[in-house]
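Throughout, a chain's letter reflects where its sequence line sits, starting with A, and its residues are numbered from 1.
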Amino acid sequence: MLKIENLHARVGDKFILKGIDLEINAGEVHAIMGPNGSGKSTLASVVAGKEEYEIRQGQILFENEDISELSADERAHKGLFLSFQYPVEIPGVTVTNFVKTALNETRKAKGQTDMPANKMLKLIREKSEMLEIDRKFLSRSLNEGFSGGEKKRNEIFQMAILEPKLAILDETDSGLDIDALRIVANGVNKLRSKDNATLVITHYQRLLDYIVPDFVHVLYDGKIVKSGGKELAFELEEKGYDWIKKEVNQKA
Amino acid sequence: MELKEKLLSSYIAFENQNSVVNSFVNELRGEAIKNFEATGFPSKKNENWKYTSLKKVLNEDFSLFPESEHTIEYRDVQPYFIHDIDTYKIVFIDGKYASHLSQTTHEGIDVCLMSSALTQTKYRAVIENYFSKIAPKDNLAALNTAFCNEGAYIHIKKNKVSKRPIQIIHFSTAKESALLLQPRNLIVVDENAHVQVIERHQSLTENPTLTNSVTEIFANKRANIDYYKIQNDKSGASLIDNTFIDQQQESNVAVHTFSFGGKLTRNNLNFHQNGERVESILKGVSIIGQKQHIDHNTLVHHIAPNCESHQDYKGIFSDSAVGVFNGKVVVEKEAQKTNAFQANNNLLVNDKATINTKPQLEIFADDVKCSHGCTIGQLDENAMFYLQTRGIPQKEAKALLMYAFANNVLESVKIPQLKKRINKIIAEKLGVNIGFDL
Ligand SMILES: Nc1ncnc2c1ncn2[C@@H]1O[C@H](COP(=O)(O)OP(=O)(O)OP(=O)(O)O)[C@@H](O)[C@H]1O
Ligand SMILES: [Mg+2]
């Protein structure tokens, strides 16, 4: 589904991604862990199409098509979704109007007509109930004044509406209390199928108890330096990153 | 011949044709033409006109009195009306009253024509009491007064509430090469009376039109006035709107100005608070591009104590558009406990657009709360990226952010059908259809 080959990206003249290889197949869950500032969010942004970052080498294939020249919205139309580490506040646009616009624009891009209003309402109700989002929330300005946890829950709500093929969840667990974590993780799991895939970026093994990964990767200094099964996450939780950093430095 | 000369020499002919029974008005006109002769059109040397030059606009060979009359059918201009609610309508075509498009009334309220008010004796007392009392005596207002003969006359009598909003629409067919229009409106709202007014100037061709409009509004004790100006004219049309408002105690007046179209638009909006516990609201949204020019020149004159004024103007400028905001707040010594707020926020959508914003506070009282703030920003790139990752294309994402930027002003429009219409105009202006009813 997603195949990243030798990806180098920079902002200004600072290289942040220094040769990433990653392959995610339909039906799989991958987790990326790694120290602060190692480039996890940058990788997510580059895949989602943020133009601030310049791809200097390598390619990003989504369903065998190089998407690196596509705009963020075109990538979204192909089925990519990014749950932001820091969702942006948009005063003046309500949650409801926002998801309506997002869904209808996506449909338009696929040559479909707008979703009928009653179907849209039903969909919004269904998905907000699944994520236990209060109705009052839906008429508030998008993310404005939302608590950290509310913002994350709202990201997954949008994901549930858009039903992407590949969802990248950038620290969706941070800011969630234990109950919210369970609700959000359940939401994500309900959306999983053999035809889609999930990439979770997290610092905590805890999330991976709920969203169980097939593969765990460690990103360090712009490269994936180690990959393994879900037991790698336990090891990292226990031992931290020093041993990995040491390993990397020894090889160098 | 320069426009000024042309105007001065046509005055005699105008006077002969339009002399009215009311000697009071005749005298005002005579005085006004002299004042216009002495002061002329404002130039950039005038501090208030520093960023707006009328030169290009005045260059046309305007005809002052359209020769032939042109009629238009309602079905051709229906979109310019707010037609999904019941309203009174005072409609003009090329400055002349169009009775077939209008709906006036004299039931408890007078919604009719300035030409009647200026000529019929039953209006004489009101005219002598209010007419030309707050319009300045020089420049453009003088020019308008000199040639005044038509416009809307609205008088809401004590304790009356006009249940229907009143639409004042000035169409110009500009079948002649270029047309100068000078509507003159008078709105008097007596004690405890309420009214909502929607005003629009609309040319029906691309030919140059210049409108120099003067509106005087009197809000007596506890009167409530809700006034909306829709400025979405064709690219050949320029508008100088001069609106002067006198407020007596506990009155409440809100003026919303929505400016999307036209070549050059200048809004002179002056509030004079002559009574205690008055509230004045001035809000506006301007969205312009290409070579359009919009200038908001506001004055709030706090004369009496315990009053409030709120100004909130949003501007979105793209291409080579120019925006000017000059907001003056004067708080006289007697006007203690004044609350005066002013905000002017602007979005520059590209580098070529220009915005000049200048708040002016002159405060002579010591116990007052005044604040002002102006910002000039760009569309937030992180927000753009966020919207795009949700499948919203760049153009629509921009439109959504602009709409969001202007939203709090739109929110305060009290007539839902009007709000809907303005949202539609905005969507058209931005060239988008963004999936929900804007
Ligand atoms: N636009 C930018 N301009 C300059 N530096 C940037 C930019 N974006 C990212 N960086 C830098 O690149 C590095 C990687 O940042 P990134 O946000 O990808 O880290 P991360 O792995 O997600 O960290 P965290 O775990 O704290 O979320 C950091 O040093 C960051 O400061
Ligand atoms: Mg990060």
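Residues Asp73(A) and Ile392(B) form no side-chain contact, since every pair of their non-hydrogen atoms from C-beta on lies 4.5 Å or further apart.
In this structure, no portion of Leu410(B) lies under 4.5 Å from any heavy atom of chain A. Heavy-atom distances place both the backbone and the side chain of Asn382(B) under 4.5 Å from chain A. Pro87(A) touches chain B through backbone and side chain together, each having a heavy atom under 4.5 Å away. In this structure, chain B has heavy atoms under 4.5 Å from both the backbone and the side chain of Ala48(A). With a threshold of 4.5 angstrom between heavy atoms, Leu80(A) approaches chain B through N, CA, C or O but not through any side-chain atom. Heavy atoms closer than 4.5 Å to chain A are found nowhere in Glu411(B), neither backbone nor side chain.
Interatomic distance, Lys50(A) NZ to Thr389(B) OG1, rounded to the nearest 0.5 Å: 10.0 Å. Rounding to the nearest 0.5 Å places CD1 of Ile90(A) at 12.5 Å from CG of Asn407(B).
Classified by interplanar angle (parallel below 30°, tilted 30° to 60°, perpendicular above 60°), the ring pair Phe98(A)/Tyr386(B) is parallel.
Under a 4.0 Å N-O distance rule, the pair Glu105(A)/Lys395(B) does not qualify as a salt bridge.
Within a 6.0 Å radius of CD in Glu23(A), other residues, nucleotides and ligands contribute more than 12 heavy atoms. Crowding of Glu69(A) atom CD: a count of heavy atoms from other residues, nucleotides or ligands under 6.0 Å not exceeding 12. For Glu52(A), the CD atom counts as densely surrounded, since its 6.0 Å shell holds more than 12 non-hydrogen atoms of other residues, nucleotides or ligands. Around CG of Asn118(A), the count of heavy atoms belonging to other residues, nucleotides or ligands within 6.0 Å exceeds 12. Glu381(B) CD: 12 or fewer foreign heavy atoms inside a 6.0 Å radius. The number of heavy atoms from other shown groups lying within 6.0 Å of NZ (Lys263(B)) is above 12. Counting non-hydrogen atoms of neighbouring residues, nucleotides and ligands closer than 6.0 angstrom, the NZ atom of Lys78(A) reaches no more than 12 such neighbours.
Considering every non-hydrogen atom in both Tyr403(B) and Gly92(A), the closest pair reads CE2-O, 4.2 Å. Pro91(A) and Ala404(B) make their closest contact through O-CB, 3.2 Å (heavy atoms, listed as atom of the first residue, atom of the second, distance). Residues Gly391(B) and Ala76(A) come closest through the heavy atom pair N-CB, 3.5 Å.
Between chain B and the options Val88(A), Val99(A), Thr96(A), the largest number of non-hydrogen pairs under 4.5 Å is found for Val88(A).
For Arg390(B) (side chain) and Leu82(A) (main-chain N/O), a donor-acceptor pair under 3.5 Å exists by modelled atom type.
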